[in-house]
Participant: 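Okay, here's the structure, questions in a sec.
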Amino acid sequence: MRAGPCAAAATAVLLLAGCGGSQNALAPKSHQAADIASLFWWMMGAAWIGLAVVVALLVVAWKRRARGAAAGGHDSKAGERAGWYVVVGAGIALPIAVIAALFVISDIFVIRTTQAPAASATRLTVQVVGHQWWWEIRYPGTRAVTANELHIPVRTPVRVDVQTADVIHSFWVPALNRKVDAIPGRTNAIELEADAVGSYRGQCAEFCGLQHAHMAMEVIADPPARFRAWLAGQERPAQPPATAGARRGADLFTSGACQSCHTIRGTSAAGTTGPDLTHVATRRTLAANTIPNDPPHLRSWITDSQEVKPGNDMPNLDLSDAQLDALVTYLDNLR
């Protein structure tokens with residue numbers, strides 16, 4: 001293969017590397033995200049038209065210059081007038097018209113439709129708090145508290161109030177809406193309304209420290225009945241451990257370092273540094289979507305969390321194998 005086609009293929013691979021996947025802003029799953037994607041295509045179209053105009057002018061200028069050279073000269077005054085027409089028309093008037101049109105389209109059809117409604121205008125408001133490096137999720141009016149998984153009823157407008165407990169974060173679920181910053185001392189809001197049942201990956205979009213790249217979340221759109229059942233389950237306190245191994249794990253949790261950082265409602269553990277673990281076994285992932293939530297990964301997280309996610313606030317616990325087995329058994333039954 002010649003160098004030209006090789007270079008073109010390599011360029012295409014690089015350009016397409018950011019397309020697709022689980023965080024694709026050009027595969028909208030809500031009307032807000034669809035408006036954002038439409039604006040992108042409008043802007044892309046305007047950019048390509050602008051590029052085409054510039055290339056056409058360069059070609060015309062090159063041919064005109066070539067003809068003038070072949071004829072032994074050209075009319076400098078006529079060329080100067082043509083140049084001024086090009087500068088005023090293509091360099092001033094056309095950009096102003098295009099930018100004004102894009103501004104009107106973005107303001108009327110995109111910005112206004114992606115803004116969060118008043119709290120009284122939606123049936124459900126969710127509070128999301130960014131931490132280094134995980135997401136705390138609360139459902140005001142209920143006792144439900146979870147982490148890194150935001151459940152919402154499908155085809156239902158949900159207002160999300162975004163805050164931060166430390167530095168600036170940015171809440172972004174590309175398939176559902178635009179980014180919204182979490183700024184210390186402020187509450188910013190956004191609306192989420194999924195068109196279809198499914199799971200939509202989100203990410204912190206503002207660099208917030210060492211594990212910024214591992215600060216993800218899932219928005220899970222459930223049928224309304226399933227969402228109500230899930231929320232009712234999350235409101236309940238943890239069930240007492242049913243086996244001897246789980247009871248040993250519960251005693252270890254509430255008498256050791258775990259209870260100083262985590263809360264398990266229904267027990268004496270009431271820490272606030274780390275995620276609420278009342279129903280941790282119902283979550284799909286651990287460490288803000290970094291590893292799957294299953295006993296082997298849970299065990300490795302407890303044993304050496306710094307290996308999985310360096311810099312996080314959870315210390316490595318010096319536990320015996322028997323203690324580790326009991327603790328994993330207890331946490332894996334918190335459903």
Participant: I'd like to know if the side chain of Gln32 pairs up with that of Glu191 as donor and acceptor (distance under 3.5 Å, no hydrogens or angles considered).
Facilitator: yes
Participant: Can you tell me if Thr263 uses its side chain to pair, donor with acceptor, with the backbone of Gly271 under 3.5 Å?
Facilitator: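 Side chain of Thr263 to backbone of Gly271: a pair is present.
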Participant: Is the side chain of Thr187 donor-acceptor paired with the backbone N or O of Asp161 at a distance under 3.5 Å, no angle test?
Facilitator: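 No, because the side chain of Thr187 does not come within donor-acceptor range (under 3.5 Å) of the backbone of Asp161.
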Participant: Verify side chain to side chain donor-acceptor pair (under 3.5 Å) between Asn316 and Asp304, making sure each step is shown before the conclusion.
Facilitator: CA-CA 5 Å; Asn316 292 333; Asp304 191 358; 2.9 Å; yes
Participant: Mind checking the SG-CE spacing from Cys204 to Met215? Nearest 0.5 Å is all I need.
Facilitator: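 Going from SG on Cys204 over to CE on Met215, the span is 4.5 Å.
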Participant: Whether the Ser30 and Glu193 side chains hold a donor-acceptor pair (N or O, under 3.5 Å, no angle test) is what I'd like checked.
Facilitator: no
Participant: For Thr329 and Ala246, indicate whether the former's side chain and the latter's backbone hold a donor-acceptor pair under 3.5 Å.
Facilitator: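 Not confirmed, Thr329 side chain does not pair with Ala246 backbone.
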Participant: When hydrophobic residues are tied together by side-chain contacts of less than 4.5 Å, even through go-betweens, does Leu176 share a cluster with Ile137?
Facilitator: yes
Participant: Give a yes-or-no answer on whether the side chains of Asp276 and His279 include a donor-acceptor pair shorter than 3.5 Å.
Facilitator: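 There is no such pair between these side chains.
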Participant: Any heavy-atom pair between the side chains of Leu334 and Val280 that's under 4.5 Å?
Facilitator: yes
Participant: So, the side chain of Ser300 versus the backbone of His297: is there a donor-acceptor pair under 3.5 Å, distance only?
Facilitator: yes
Participant: Let me check something: do Leu331 and Leu319 share a hydrophobic cluster, defined by ILVMFWY side-chain heavy atoms less than 4.5 Å apart, either directly or through other members?
Facilitator: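 In one cluster with Leu331: Leu319, yes.
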Participant: Show, in sequence, the C-alpha distance, side-chain angles and deciding distance for Arg201 and Val173, and conclude whether the side chain to side chain contact (heavy atoms under 4.5 Å, CB included) test is met.
Facilitator: CA-CA 6 Å; Arg201 191 179 191 276; Val173 186; over 6 Å; no
Participant: I'd like to know if the side chain of Asn293 and the backbone of Arg283 have a donor-acceptor N/O pair within less than 3.5 Å.
Facilitator: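 At least one qualifying donor-acceptor pair exists.
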Participant: Please check if the side chain of Trp133 supplies one atom and the backbone of Cys208 the other of a donor-acceptor pair under 3.5 Å.
Facilitator: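 Yes, Trp133 side chain to Cys208 backbone: donor-acceptor pair under 3.5 Å.
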Participant: Drop me the distance from Asn188's CG to Lys179's NZ, to the nearest 0.5 angstrom.
Facilitator: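 Those atoms lie 14.5 Å apart.
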Participant: Trp172 versus Asn177: any side-chain heavy-atom pair under 4.5 Å?
Facilitator: no
Participant: Give the minimum heavy-atom separation between Gln203 and His212, together with the two atoms involved.
Facilitator: NE2-O, 3.1 Å
Participant: Return the OG1 to CH2 distance between Thr146 and Trp230, rounded to the nearest 0.5 Å.
Facilitator: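 Separation between the atoms: 5.5 Å.
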Participant: Would you confirm whether Glu136, through its side chain, and Val145, through its main-chain N or O, come within 3.5 Å as a donor-acceptor pair?
Facilitator: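 Checking the backbone N and O of Val145 against the side chain of Glu136, no donor-acceptor pair under 3.5 Å is found.
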Participant: Kindly compute the distance separating CG (Asp181) from CZ (Arg186), expressed to the nearest 0.5 Å.
Facilitator: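 So the CG of Asp181 and the CZ of Arg186 are separated by 9.0 Å.
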Participant: So how far is it from Asn289 CG to Met217 CE, rounded to the nearest 0.5 Å?
Facilitator: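 Asn289 atom CG to Met217 atom CE measures 9.0 Å (nearest 0.5 Å).
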Participant: Between Trp135 and Leu286, is there a shared hydrophobic cluster once you connect ILVMFWY residues whose side-chain heavy atoms come closer than 4.5 Å?
Facilitator: no
Participant: Between His169 and Gln132, does the side chain to side chain contact (heavy atoms under 4.5 Å, CB included) criterion hold? Intermediate values first, please.
Facilitator: CA-CA 9 Å; His169 300 284; Gln132 290 179 304; 4.0 Å; yes
Participant: For the residue pair Val308 and Ile291, establish whether any side-chain heavy-atom pair is separated by less than 4.5 Å.
Facilitator: yes
Participant: Tell me, yes or no, whether the heavy-atom count around Lys309 atom NZ, taken from other residues, nucleotides or ligands under 6.0 Å, exceeds 12.
Facilitator: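 Atom NZ in Lys309 is crowded, with more than 12 foreign heavy atoms closer than 6.0 Å.
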Participant: Using modelled atom types only, decide if a donor and an acceptor are shared between the side chain of Ser260 and the backbone of Cys258 within a distance under 3.5 Å.
Facilitator: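 No, the answer is negative, given that no donor and acceptor are paired below the 3.5 Å cut-off.
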Participant: Quick one: do Val59 and Leu51 end up in the same hydrophobic cluster if we chain Ile, Leu, Val, Met, Phe, Trp and Tyr together by side-chain heavy atoms under 4.5 Å apart?
Facilitator: yes
Participant: Once you measure the plane-to-plane angle for Tyr139 and Phe227, does it fall in the parallel (<30°), tilted (30-60°) or perpendicular (>60°) bin?
Facilitator: tilted
Participant: Take Gln127 and Gln163 through the test side chain to side chain donor-acceptor pair (under 3.5 Å) and record every step on the way to the result.
Facilitator: CA-CA 8 Å; Gln127 182 186 55; Gln163 303 170 343; 3.1 Å; yes
Participant: Closest heavy-atom contact between Pro237 and Thr278?
Facilitator: C-CG2, 4.1 Å
Participant: Treat each ILVMFWY residue as a node, draw an edge where side-chain heavy atoms are under 4.5 Å apart, and state whether Tyr330 and Val328 are in one component.
Facilitator: yes
Participant: Decide if atom CD of Gln239 counts as having more than 12 heavy atoms of other residues, nucleotides or ligands within a radius under 6.0 Å.
Facilitator: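 Atom CD in Gln239 is not crowded, with 12 or fewer foreign heavy atoms closer than 6.0 Å.
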Participant: I would like to know whether Val126 and Leu124 meet side chain to side chain contact (heavy atoms under 4.5 Å, CB included); could you show each step before the answer?
Facilitator: CA-CA 7 Å; Val126 179; Leu124 179 64; 4.2 Å; yes
Participant: How far apart are the C-alpha atoms of Arg299 and Asp325, what are their side-chain angles, what is the distance that settles it, and do they pass the salt bridge (charged side-chain N to carboxylate O under 4.0 Å, His left out) test?
Facilitator: CA-CA 8 Å; Arg299 186 183 183 94; Asp325 289 341; 2.4 Å; yes
Participant: May I have the step-by-step check of side chain to side chain donor-acceptor pair (under 3.5 Å) for Gln259 and Thr254, ending in yes or no?
Facilitator: CA-CA 5 Å; Gln259 56 83 30; Thr254 55; over 6 Å; no
Participant: Got a second to check how far Thr303's OG1 is from Leu317's CG, nearest 0.5 Å?
Facilitator: 8.5 Å
